[in-house]
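Here the structure is laid out as structure tokens; the discussion comes afterwards.
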Amino acid sequence: LKKTRIEKKSAFIDLLCAVPLQQIYGCPLGGIGGGTITRGWRGEFCRWQLNPGLYHYETVIANQFTVCLRCKGQTIYQQVLSVERPSTLQGWNWGYCGHYAFYHALYPRAWLVYELPGQNVVLTCRQLSPVIPHDYKDSSLPVGVFIWEVENGRDEDVEVSIMFSLQNGTGAKEDRSGGHWNEPFTFQKDGERVAGVLLHHFPAVNPFTLAISAREKAGTGVTHVTAFNPTGLGREVWQDLLQDGRLDSPTGKSSPTEKGEVTAAAVCASCRVPARGHKTLELALAWDMPRVHFGSKEKLHLRRYTRFFGREGDAAPALSHYALTHYEEWERKIEAWQNPILENSQLPSWYKSALFNELYFMTDGGTIWMEVPPDCCAEDLQGPAGAGLSHLLPVLREYGRFAYLEGQEYRMYNTYDVHFYASFALVMLWPKLQISLQYDIAVTVVNEDVQPRQYLMCGQTAQVKMKNVVPHDIGDPDDEPWQRVNAYLMHDTADWKDLNLKFVLQVYRDYYLTHDCLYLQDMWPVCQAVMESELKFDTDNDGLIENGGFADQTYDAWVVHGASAYCGGLWLAAVCMMCKMAEVLGDTEVRQKYLDILNKGKEAFERRLWNGKYYNYDSSGSHTSSSIMSDQCAGQWFLGACGLDQGEFEVFPKSHVLSALKTIFEKNVMSFAGGTMGAVNGMRPDGMPDTSSVQSNEVWIGVVYSLAATMIQEGMVEEGFRTAEGCYRTGWGRPGGGF
């Protein structure tokens with residue numbers, strides 16, 4: 001209430017105004033960190049994230065594709081490719097019959113197929129964004145391409161036009177603030193020509209330009225309407241297209257809108273398709289918001305793509321041209337990445353969808369990818385404490401800074417306790433972004449923010465960020481991320497038991513996958529510092545940390561007392577990785593120190609938590625301490641992924657790991673919703689969910705996928721796929737939570 005009423009800003013988690021679930025979303029447009037525009041599965045433009053990290057949920061009805069078919073000089077069919085029947089633009093032919101349309105998504109591509117009723121013509125719109133693993137240039141571009149394949153099943157030639165109309169803005173109230181204007185453009189380079197309309201949008205903060213365009217080539221004409229009123233009947237645009245399948249193409253820019261007025265534009269690509277033949281029309285949407293302020297408006301930031309396309313706000317024509325002349329290369333790279341999985345008949349089809357479509361969050365998680373200013377020096381980045389990270393500046397200079405939100409409604413960047421689960425996608429597909437993210441975390445570890453703050457769950461006051469502990473997150477996009485960390489106000493996370501451990505686990509995992517020795521050397525002192533901070537939680541010196549009797553880890557409403565399977569398991573895995581890193585770096589003294597702790601801690605973990613079938617939730621002896629936690633093998637998951645789960649490095653006895661996983665499968669998976677929803681977080685030994693907290697009785701997607709991965713790692717392949725399938729189908733199936 002303080003936030004919303006006094007500071008006039010929305011809370012970082014707004015429990016009072018949750019965004020209602022709408023079963024409408026499809027594949028988003030745009031690369032990484034330049035903003036995203038989501039299209040629904042019915043083709044509508046319905047979710048906007050152009051201001052970094054801030055979402056606007058609005059279907060803008062003027063944003064449409066319209067088809068016009070002409071035979072022998074006569075228009076025989078003209079239809080907006082939308083099932084809607086809106087109250088505006090009533091001069092247009094709406095209400096396409098949804099029975100004749102199909103949607104498929106395989107991120108970063110999607111297909112909309114229209115079998116035009118009675119016309120013997122099929123249109124397939126293939127939507128594509130440049131999301132390409134190991135690519136740090138094109139993957140940053142704020143563009144989407146629409147490739148329209150036209151199949152003519154008639155015995156005569158048909159002239160086909162596709163008109164793309166777009167409102168200037170995002171459907172927000174700023175669209176009516178006045179001063180917005182449109183202008184036509186052409187851009188020619190290397191013998192390739194693109195034409196379209198620029199829609200310049202000037203809100204008070206973060207102005208941007210939208211561009212709609214089409215590729216001109218032999219046999220394809222491109223025409224446009226510079227400006228029309230999207231709140232009127234729209235008759236002039238409709239009649240213009242109806243007359244000859246072309247638009248008028250006036251020259252010159254439109255006059256700026258008056259206050260209260262909205263404007264839109266349209267571009268049209270046309271070609272002749274021979275009888276029984278097919279042709280392709282290529283259109284694009286680009287947006288250019290190169291310089292951005294976050295909510296506090298303190299610092300100006302440059303987006304990653306400005307490195308390649310400039311920071312002046314005039315890049316939309318060049319971006320459009322680049323997209324339309326490079327998308328074929330992008331598709332080749334996307335297919336080379338995806339086809340080995342798609343063509344593997346051993347893998348179930350739902351898994352192929354899960355694996356690629358869940359990646360949408362890499363761009364549409366309020367994601368930002370910023371350049372470090374060219375005049376920036378190491379001291380500016382290291383913070384007042386001087387982090388002493390010798391490769392911080394070169395890494396951030398070369399690859400920029402990356403951040404994504406915990407969720408579209410959990411407005412915290414790089415929430416570290418949950419990034420732990422998602423980080424495999426980043427380190428396997430864009431490893432340099434994971435390394436950059438880790439450098440940002442390392443800097444905040446060694447710095448502190450002594451500002452006092454009251455925490456909501458305990459009512460106590462403590463400083464925002466302590467030295468030598470991992471932050472919960474790197475800030476709120478409505479404030480100043482990187483500058484002010486820990487937007488999370490529920491608990492003082494300096495006392496959380498999992499954050500420091502998850503940093504150590506990710507450092508070694510990243511090194512194991514990238515073989516980046518310089519990174520390991522830089523992170524080693526930071527790992528030692530956070531492990532020293534963590535050691536104070538081993539209150540009885542048995543080599544095992546204890547939880548503090550409150551919800552002091554990622555399950556922030558689920559209380560833990562004493563030794564616990566989750567934090568204790570993460571601790572032992574991190575201690576093991578400290579031994580391994582010390583060995584790699586030749587630090588015998590530190591290696592011996594952690595080896596001693598590991599030997600003591602392993603014994604204590606087994607003695608205090610193993611009950612013969614699985615590891616107890618905690619050692620408190622309370623009525624819920626014997627609960628079966630689905631996440632009890634999280635430490636083993638990371639160890640196995642790094643080849644540290646056997647021989648001298650076997651932390652958890654193999655037989656115990658398998659017994660625990662089998663128990664989880666039997667109880668948390670198969671005894672919960674008949675095995676159709678993944679694994680419930682907590683289950684009682686009698687087969688009833690643990691209802692002692694709201695979170696013990698929930699299913700967490702990232703936890704279920706990691707549990708499934710652990711099962712597969714341990715040879716329980718069928719059980720792993722069964723566990724993940726329930727989770728995927730619950731989100732992406734009937735409840736309609738996809739994207």
Side-chain angles (χ1 to χ4, degrees), residues 31-33 106-109 129-140 304 330 333-344 346-347 351-365 367 369 395 398-404 414-416 418-441 502-517 519-520 523 573 577 634-645 701-714 717 720-721 724 727-728:
I32 301 173
L106 188 69
Y107 188 73
R109 297 192 292 174
S129 296
V131 180
I132 303 157
H134 307 286
D135 176 299
Y136 298 92
K137 178 191 174 186
D138 291 4
S139 289
S140 72
R304 167 72 174 182
W330 296 343
K333 289 177 176 172
I334 289 165
E335 285 170 0
W337 158 44
Q338 295 188 340
N339 281 352
I341 289 146
L342 299 176
E343 290 165 1
N344 183 344
Q346 307 280 291
L347 297 170
Y351 169 76
K352 296 168 184 179
S353 172
L355 198 62
F356 295 116
N357 283 329
E358 290 277 20
L359 283 175
Y360 84 93
F361 201 75
M362 202 59 80
T363 60
D364 201 23
T367 312
W369 188 359
V395 166
E398 184 59 32
Y399 296 105
R401 299 180 116 165
F402 170 89
Y404 62 152
N414 293 346
T415 303
Y416 202 72
V418 289
H419 172 65
F420 172 76
Y421 296 91
S423 61
F424 278 93
L426 200 56
V427 77
M428 291 169 81
L429 299 176
W430 292 276
K432 302 296 186 189
L433 295 184
Q434 166 67 6
I435 292 219
S436 162
L437 183 158
Q438 287 282 86
Y439 269 101
D440 275 330
I441 294 291
K502 287 169 173 176
F503 178 78
V504 172
L505 293 171
Q506 285 183 67
V507 166
Y508 183 73
R509 187 274 319 271
D510 299 344
Y511 166 73
Y512 178 76
L513 292 176
T514 64
H515 308 294
D516 187 335
C517 300
Y519 166 72
L520 187 65
M523 295 297 149
M577 288 192 182
Q636 174 70 10
W637 173 42
F638 259 68
L639 289 171
C642 300
L644 294 180
D645 57 342
I701 310 292
V703 170
V704 178
Y705 284 148
S706 71
L707 168 63
T710 313
M711 288 174 172
I712 292 166
Q713 238 167 232
E714 300 298 331
V717 178
F721 276 106
C727 185
Y728 169 79

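- Considering only heavy atoms from C-beta on, Met523 stays 4.5 Å or farther from Gln506 through its side chain.
- For the pair Thr710 (side chain) and Trp637 (backbone), a donor-acceptor distance under 3.5 Å is absent.
- Asp510 places no side-chain N or O within 3.5 Å of a backbone atom of Pro431 that could act as its donor or acceptor partner.
- Applying ring-ring contact (aromatic ring centres under 6.0 Å, His included) to Tyr351 and the options Tyr728, Tyr705, Phe721 leaves one that passes, Phe721.
- Remark: Arg509 qualifies as a cation-pi partner of Phe424 under the 6.0 Å distance and 45° angle criteria applied to the six-membered ring.
- Under the 3.5 Å distance criterion, the side-chain polar atoms of Asn414 are left unmatched by any main-chain donor or acceptor of Tyr416.
- When atom types are taken as modelled, the side chain of Gln338 and the backbone of Tyr107 share a donor-acceptor pair closer than 3.5 angstrom.
- When all heavy atoms of Ile435 and Asp516 are compared, the pair lying nearest together is CD1-OD2, 3.8 Å.
- Asn357 meets the side-chain hydrogen bond (donor to acceptor under 3.5 Å, both in side chains) test with Ser353; sequence neighbours excluded.
- The aromatic rings of His515 and Tyr511 stand perpendicular to each other, their planes meeting at an angle above 60°, with 30° marking the opposite boundary.
- When atom types are taken as modelled, the side chain of Thr367 and the backbone of Tyr404 share no donor-acceptor pair closer than 3.5 angstrom.
- Remark: aromatic rings of Tyr508 and Phe638 are distant, center separation not under 6.0 Å.
- Judged by distance alone, the side chain of Ser139 and the main-chain N or O of Tyr136 form no donor-acceptor pair under 3.5 Å.
- The minimum heavy-atom distance between Glu398 and Arg304, with the atom names listed, is O-NH1, 2.9 Å.
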